[in-house]
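Start at 1 with the first residue, then count along the sequence.
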Amino acid sequence: MAKQEKDIETIYLLKPHRHAGREYPKGAPLDLPESKAAWLIGMGVASKTPPVKTPATPKEA
């Protein structure tokens with residue numbers, strides 16, 4: 001019997017993350033099997049939605 005492919009989900013990092021010696025920046029999209037994506041989301045490291053960039057507020061004089 002052929003091995004079933006796992007469903008892949010795209011998630012976005014909420015903060016920098018290191019995996020297998022590689023650094024991933026905040027906001028980086030990752031395509032992972034659903035179980036690994038759910039684990040990172042549960043740990044508060046990632047989200048299903050991309051981070052929203054907020055415009056810089058001008059400093060008051």
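Considering NZ of K15 and NZ of K26, their distance stands at 10.5 Å, rounded to 0.5 Å. To the nearest 0.5 Å, the span separating OG on S47 from CD1 on I11 amounts to 9.0 Å.
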- Message: Between H19 and L30, does the side chain to side chain contact (heavy atoms under 4.5 Å, CB included) criterion hold? Intermediate values first, please.
- Response: CA-CA 11 Å; H19 177 73; L30 299 176; over 6 Å; no
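Considering all non-hydrogen atoms of both residues, G27 and Y12 come closest at O-CD2, 3.9 Å.
Hydrophobic clustering, with ILVMFWY side chains joined whenever heavy atoms are under 4.5 angstrom apart, keeps I8 apart from I41. A continuous path of hydrophobic side-chain contacts links Y24 to M43 [ILVMFWY only; heavy atoms under 4.5 Å].
Residues forming a side chain to side chain contact (heavy atoms under 4.5 Å, CB included) with K36 (at least two apart in sequence, or on another chain): L32, P33.
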